[in-house]
Engineer: 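Submitted below is the structure of interest, expressed as structure tokens.
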Amino acid sequence: MPIICIILITNIHLFAWTTASIRVLIQGKWSGNISSSPKYAGYEEDARYEEDEEFEWFITAPSSGKFIELTFSAFKTECLYDYVTVYDDILEGSRVQLASISGHHSTTPIKIISNTGKLYIHFVSDAGTVYNGFRGSFNVTICPSECTGAHGRCNVTTNKCACNAGWHGEACNTPTVDCGIFGIFDSATNSCKCKVGYVGVQCDITSPGIYPFQLPRHQWYTLTTNISPYYESWHHLKELLPRQGHTADVIGDSLFVFGGFDLNHVLAHFSKLDILTGQWSEVALGCPASPTGRYKHSSVVYQDSILYCGGMVQAGGALSDECWLFNTTSSCWTQYPSLVEAVAGHTLTLAPPNRVLLFGGLTGVDTENYSDRLYTLYLLKNHTATPWELTTPIIPHSNHLRRYGHTTVLDSASRSLVVFGGIVPLPRIQKEKSSEVWVYNIAQNVWSLVKTTREVPGV
């Protein structure tokens, strides 16, 4: 039975360490430090956490109405296996997840803010590789980040910041956008209102009234950070929720975003961005039927429709075998033939004129359930389709083709699928990121591994 060490910290700074589970209670302090190793508390770079460790920190501000800002100044754990998870409450059942962190973060400090005056921090490592771990600090403030120093003034009655000219945001930490000569800054939305013929965060993109825009190549442009307040969020605030694991597809001048996961809830939101104006809106449905929320699903555009398949319908849990087609002309959903097996983290790719190929993904929670299977469906007239069928290609080194979280594109010249990256299984129920490139020749029904000259930077 594991030993649990519980430490109460009030007016003194105290850490105790064992090789078993540790719980640290920090109450009434305005600041303090946390780390994954006793040596890290002294900033020794050779410190490492141990296998199968579990640490918990329960932090409560001196009084209600305060903010707690947690900053990780160093962070290195085994990516995808050893995690730090941060919540906004110390009570189980009342917690909202603020962040889940794993891997190596060495350049920019990681900052997380709780507006409840409480923090619960949970670290767990598995029985594999160990690294230096992390060290961090927390500060309790009356207003968020104390209004970022000279950027604003803290109202101690409302616990809100009054930002100085040139700054906005909850903590006055975001510079006011320079809208140039083609826009006017709107303080209500913290964004630029562009003149007709111009779009972008700084109204610096000339819009001929059609998409795509004529822009210089090899440059990134921020089209919009303006979030229209139309969704009732889980915190009873109307906003377009940040998310991951969603899909995004362009038809005409619109970007359609469906589903996702906000670290706490599986989302069923269906949003549309007008690329010409940079404005978000909720997709108005013309028919009552629609899919449930999901994330890690996949989508593909076909004519004026988008096909969505699979995904997770519960956080880290149940997988879906459903396929739905959304027609942008009628604004109606139609349920399509179900997949042969429920899957998430896969890809859908259209091979014109009407063949859809599904590759890879997770068919369960274990590495044994990583898929290398390839399925085919043909889209027919009147919003119908053939059943999904398993395609059996020639696969050299088949064990290395199993993966999820990869990307797949169609090379129209060779009529081949090009698969890059993803998470692949290793022995002993381990997994790792991949930088491999695989090609599936549709006509020859053969997979081949592309030999590259170097590793992909940052992978």
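Index from 1, following the sequence.
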Engineer: So, the side chain of Asn264 versus the backbone of Gln97: is there a donor-acceptor pair under 3.5 Å, distance only?
Structural biologist: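 Judged by distance alone, yes, a pair lies under 3.5 Å.
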Engineer: Look at the side chain of Arg415 and the backbone N and O of Pro352, then say whether any donor-acceptor pair between them is shorter than 3.5 Å.
Structural biologist: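 Yes, because the side chain of Arg415 sits within donor-acceptor range (under 3.5 Å) of the backbone of Pro352.
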Engineer: Can you tell me if Glu389 has over 12 outside heavy atoms packed within less than 6.0 Å of its CD?
Structural biologist: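 No, the 6.0 Å shell around CD holds no more than 12 heavy atoms from other groups.
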Engineer: Hey, is the main chain of Gly103 close enough, under 3.5 Å, to the side chain of Thr77 for a donor-acceptor pair?
Structural biologist: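 Judged by distance alone, yes, a pair lies under 3.5 Å.
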Engineer: Please check if the number of heavy atoms outside Ile184 that lie under 6.0 Å from its CD1 is greater than 12.
Structural biologist: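 Counting other residues, nucleotides and ligands, CD1 of Ile184 stays at 12 neighbours or fewer.
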Engineer: Locate the shortest heavy-atom distance separating Cys79 from Ser102; write the atom from each residue and the value.
Structural biologist: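 Distance-wise, the nearest heavy atoms are CA-OG, 3.4 Å.
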Engineer: For the residue pair Phe359 and His406, does the interplanar ring angle fall in the parallel (under 30°), tilted (30 to 60°) or perpendicular (over 60°) class?
Structural biologist: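 If you compare the ring of Phe359 with that of His406, the planes turn out perpendicular.
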Engineer: Tell me whether the rings of Phe55 and Phe123 are parallel (<30°), tilted (30 to 60°) or perpendicular (>60°).
Structural biologist: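 Judged by the thresholds at 30° and 60°, the geometry between Phe55 and Phe123 is tilted.
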Engineer: Give, for atom CZ of Arg243 and atom CZ of Phe258, the distance between the pair rounded to the nearest 0.5 Å.
Structural biologist: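 Here the rounded value is 10.0 Å.
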Engineer: So how far is it from Tyr198 OH to Gln202 CD, rounded to the nearest 0.5 Å?
Structural biologist: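 Nearest 0.5 Å value for the OH-CD distance: 14.5 Å.
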Engineer: Do Leu358 and Leu339 have side chains that get closer than 4.5 Å, going by heavy atoms?
Structural biologist: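 Yes. Closest side-chain heavy atoms under 4.5 Å.
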Engineer: Nearest 0.5 Å, what's the SG-CD distance between Cys163 and Glu170?
Structural biologist: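 Separation between the atoms: 10.0 Å.
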Engineer: So if I apply the side chain to side chain contact (heavy atoms under 4.5 Å, CB included) rule between Arg294 and each of Glu322, Met312, His246, Gln314, which one comes out positive?
Structural biologist: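 Only one of Glu322, Met312, His246, Gln314 forms a side chain to side chain contact (heavy atoms under 4.5 Å, CB included) with Arg294, namely Glu322.
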Engineer: Begin with the C-alpha distance, continue with both residues' side-chain angles, and end with the deciding distance and a verdict on side chain to side chain contact (heavy atoms under 4.5 Å, CB included) for Val356 and Val300.
Structural biologist: CA-CA 8 Å; Val356 177; Val300 65; 4.2 Å; yes
Engineer: Please report the interatomic distance CG(Asn327) to OH(Tyr302), rounded to the nearest 0.5 Å.
Structural biologist: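 Output value for this atom pair is 11.5 Å.
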Engineer: Is the ring pair Trp167/His151 parallel, tilted or perpendicular, if the boundaries are 30 and 60 degrees?
Structural biologist: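 Judged by the thresholds at 30° and 60°, the geometry between Trp167 and His151 is parallel.
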Engineer: What closest approach, in Å, do Cys332 and Gly286 show between heavy atoms, and which atom pair accounts for it?
Structural biologist: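 Cys332 and Gly286 have their closest heavy atoms at SG-C, 3.7 Å.
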Engineer: So His104 and Phe134, ring-ring contact (aromatic ring centres under 6.0 Å, His included) or not? Walk me through it.
Structural biologist: CA-CA 10 Å; His104 187 193; Phe134 57 88; over 10 Å; no
Engineer: Are the side chain of Thr363 and the backbone N or O of Asn369 linked by a donor-acceptor pair below 3.5 Å?
Structural biologist: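 Yes; at least one donor-acceptor contact below 3.5 Å.
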Engineer: So does Tyr308 get a backbone contact from the side chain of Ser299, meaning a donor-acceptor N/O pair under 3.5 Å?
Structural biologist: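 Looks like no, no N/O pair under 3.5 Å.
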Engineer: So does Gly136 get a backbone contact from the side chain of Ser73, meaning a donor-acceptor N/O pair under 3.5 Å?
Structural biologist: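 Not a single qualifying donor-acceptor pair exists.
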Engineer: Give a yes-or-no answer on whether the side chains of Asn445 and Tyr440 include a donor-acceptor pair shorter than 3.5 Å.
Structural biologist: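 Yes.
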Engineer: Report yes or no: does Asp88 contribute a side-chain atom to a donor-acceptor pair with the main-chain N or O of Thr116 at less than 3.5 Å?
Structural biologist: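 The answer is no, because no donor-acceptor pair under 3.5 Å joins these two groups.
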Engineer: What closest approach, in Å, do Val424 and Arg402 show between heavy atoms, and which atom pair accounts for it?
Structural biologist: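 In this case the closest contact between Val424 and Arg402 is CG1-O, 3.5 Å.
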Engineer: Does Gln244 have more than 12 heavy atoms from other residues, nucleotides or ligands lying within 6.0 Å of its CD?
Structural biologist: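 Yes, because the 6.0 Å sphere around CD of Gln244 holds more than 12 heavy atoms from other groups.
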Engineer: Given side chain to side chain contact (heavy atoms under 4.5 Å, CB included), test Leu70 with Leu119 step by step and report yes or no.
Structural biologist: CA-CA 9 Å; Leu70 175 66; Leu119 269 183; 3.9 Å; yes
Engineer: Do Asp304 and Thr329 meet the criterion of a side-chain donor-acceptor pair at a distance under 3.5 Å?
Structural biologist: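 Checked: Asp304/Thr329 side chains pair up, N/O donor to acceptor below 3.5 Å.
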Engineer: Could you walk me through whether Ile275 and Val250 satisfy the side chain to side chain contact (heavy atoms under 4.5 Å, CB included) test, starting with their C-alpha distance in whole Å, then the side-chain angles of each, then the deciding distance to 0.1 Å, before giving a yes or no?
Structural biologist: CA-CA 9 Å; Ile275 299 175; Val250 172; 4.2 Å; yes
Engineer: Is there a donor-acceptor contact under 3.5 Å linking the side chains of Ser125 and Glu53?
Structural biologist: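 Result is no, nothing qualifies.
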Engineer: SG of Cys203 to SG of Cys179, below 2.5 Å?
Structural biologist: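 Cys203 does not pair with Cys179 as a disulfide (SG atoms not under 2.5 Å apart), so no.
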Engineer: Can you confirm whether the side chains of Asp82 and Tyr49 place a donor and an acceptor under 3.5 Å from each other?
Structural biologist: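 Yes, because at least one side-chain N or O of Asp82 sits under 3.5 Å from a partner of the opposite role on Tyr49.
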Engineer: Are side-chain heavy atoms of Cys172 and Cys161 found at a separation under 4.5 Å?
Structural biologist: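 Yes; the side chains approach each other to less than 4.5 Å.
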Engineer: Can you find a heavy atom in the side chain of Val439 that is under 4.5 Å from one in the side chain of Val419?
Structural biologist: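 A side-chain contact is absent here, since even the closest heavy-atom pair is not under 4.5 Å.
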Engineer: Less than 4.5 Å apart, any side-chain heavy atom of Cys323 and any of Gln335?
Structural biologist: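 Sidechains of Gln335 and Cys323: no contact.
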Engineer: Would you kindly check if the NZ (Lys) or CZ (Arg) of Arg95 is within the cone defined by 45 degrees around the ring axis of Tyr120 and under 6.0 Å from the six-membered ring centre?
Structural biologist: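 Yes.
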Engineer: Closest approach of Ile121 and Ile34, non-hydrogen atoms and distance?
Structural biologist: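 In this case the closest contact between Ile121 and Ile34 is CD1-CD1, 3.7 Å.
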Engineer: Is there side-chain contact between Glu432 and Ile423, with heavy atoms separated by less than 4.5 Å?
Structural biologist: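 Glu432 does not reach Ile423 side chain to side chain.
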Engineer: Report the residue from Val450, Thr452, Leu449 that forms a side chain to side chain contact (heavy atoms under 4.5 Å, CB included) with Glu436.
Structural biologist: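 Running side chain to side chain contact (heavy atoms under 4.5 Å, CB included) over Val450, Thr452, Leu449 with Glu436 returns exactly one hit, Leu449.
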Engineer: Could you go step by step and tell me if Thr384 and Thr334 meet the side chain to side chain contact (heavy atoms under 4.5 Å, CB included) rule?
Structural biologist: CA-CA 9 Å; Thr384 58; Thr334 302; over 6 Å; no
Engineer: Say whether, by atom type as modelled, one donor and one acceptor occur between the side chain of Gln444 and the main chain of Asn441 under 3.5 angstrom.
Structural biologist: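 Not a single qualifying donor-acceptor pair exists.
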Engineer: Between Phe72 and Ile101, is there a side-chain heavy-atom distance shorter than 4.5 Å?
Structural biologist: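 Contact flag for Ile101/Phe72 side chains = yes.
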Engineer: I'd like to know if Glu282 and Lys272 make a salt bridge, using a cut-off of under 4.0 Å between side-chain N and carboxylate O.
Structural biologist: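 Answer for the salt bridge query: no.
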Engineer: Considering only heavy atoms from C-beta outward, does the side chain of Phe185 approach that of His168 to under 4.5 Å?
Structural biologist: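 A side-chain contact exists here, since the closest heavy-atom pair is under 4.5 Å.
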Engineer: Does Arg23 reach the main-chain N or O of Glu56 with its side chain, forming a donor-acceptor pair under 3.5 Å?
Structural biologist: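 Checking the backbone N and O of Glu56 against the side chain of Arg23, no donor-acceptor pair under 3.5 Å is found.
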Engineer: Without hydrogens or angle criteria, can the side chains of His297 and Thr247 be said to hold a donor-acceptor pair below 3.5 Å?
Structural biologist: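 The answer is yes; a qualifying pair exists.
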Engineer: Sub-3.5 Å donor-acceptor pair from the side chain of Ser416 to the main-chain atoms of Ser414, do we have one?
Structural biologist: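 Between the backbone of Ser414 and the side chain of Ser416 there is a qualifying donor-acceptor contact (under 3.5 Å).
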Engineer: Look at the aromatic rings of Trp333 and Phe326 and report parallel, tilted or perpendicular, splitting at 30° and 60°.
Structural biologist: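 Tilted, since the angle between the ring planes falls between 30° and 60°.
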Engineer: Consider only side-chain N and O atoms of Thr391 and Thr376, and report whether a donor and an acceptor are under 3.5 Å apart.
Structural biologist: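 The answer is yes; a qualifying pair exists.
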Engineer: If you define the side chain from C-beta out and look only at heavy atoms, does anything of Trp447 sit under 4.5 Å from Leu401?
Structural biologist: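 Yes, their side chains come closer than 4.5 Å.
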Engineer: What distance do Asp249 atom CG and Phe256 atom CZ have between them, rounded to the nearest 0.5 Å?
Structural biologist: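 Going from the CG atom of Asp249 to the CZ atom of Phe256 covers 9.0 Å.
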Engineer: Just how far is it from atom CG of Leu357 to atom CG of Leu374, taken to the nearest 0.5 Å?
Structural biologist: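 Going from the CG atom of Leu357 to the CG atom of Leu374 covers 5.0 Å.
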